Amino acid sequence: GPVVVAAITNAAFEGDPPPYSPPDPKSVHLLYPPFPAGFSQQAPVVYQPGPGPFPPQGVPPAPLPYATGARGGRAALTTPPHTPPVSQYDGQPSMGPSPTGHGQRLPKDYMVESVLVTVFCCLLTGVVALIYSHETRAALSRGDMAQANVASKKAQSLVLFSLLFGLFASISWVIYVLVALYL
């Protein structure tokens, strides 16, 4: 029999769209609520500096961390006896003071090693090592030292495994080629 096809049209989308009219300035109070009491209508301040090296107004200054004295016309500086230990740079990005405490080193992330073994040794375990290297950096940036240490150990193990696997595969291939050519 005959096939009936029904087409449904949406009248809202037919024809040209209505012309744009900007909102009436007299009705702007309906669109935007009024400013709260005590609000100044100046431009917003983009940068608000934190507390500076000087104490706020009304706070007495603390004693200086060093003593000054005149010796031979020059001021002599002596360091206090409780100087904190200076942390050593270990090639890791730093976000300021070490959150790990005194004497504890940040875990290494093995990012460079992960990239190298991914390219030259074993793609699969190298990519997993890259993931753990990134996880180490993320944990360091949020200050989670326990997770950073765990991820760093996993990245180190995967880098070592990838390196050894790549060396094994390369040496095996060289032996196979030599045996195939000369025997």
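The shown structure was predicted, so the numbers you read here are calculated from the model rather than taken from an experiment.
Across T118 and L130, no two heavy atoms sit closer than the pair OG1-CD1, 3.8 Å. The two residues R137 and M111 come nearest to each other via the heavy atoms NH2-CB, 3.7 Å.
Between the side chain of T136 and the main chain of S152, a donor-acceptor pair closer than 3.5 Å is present. No donor-acceptor pair under 3.5 Å is formed between the side chain of S170 and the backbone N or O of L167. Formation of a donor-acceptor pair under 3.5 Å by the S133 side chain with backbone atoms of D109 is found in this model.
The side-chain heavy atoms of M145 and L106, taken from C-beta on, include a pair separated by under 4.5 Å. Contact of the P107 side chain with the L140 side chain is registered, since non-hydrogen atoms from C-beta on lie closer than 4.5 Å. At least one side-chain heavy atom of Y132 sits less than 4.5 Å from a side-chain heavy atom of L158. Contact check for K154 versus E135: no side-chain heavy atoms found under the 4.5 Å cut-off.
Residues I171 and F168 do not share a hydrophobic cluster, defined by chaining ILVMFWY side chains whose heavy atoms lie under 4.5 Å apart. In the hydrophobic cluster analysis, where Ile, Leu, Val, Met, Phe, Trp and Tyr join through side-chain heavy atoms closer than 4.5 angstrom, V174 is grouped together with Y182. Both L181 and L178 are part of a single hydrophobic cluster, where members link through side-chain heavy atoms under 4.5 Å apart.
The aromatic rings of F165 and F161 sit parallel, their planes meeting at an angle under 30°, below the 60° perpendicular limit.
For the pair K108 and E113, the salt-bridge criterion is met [side-chain N within less than 4.0 Å of a carboxylate O].
A distance of 9.5 Å separates CG in L160 from OH in Y110, rounded to the nearest 0.5 Å.
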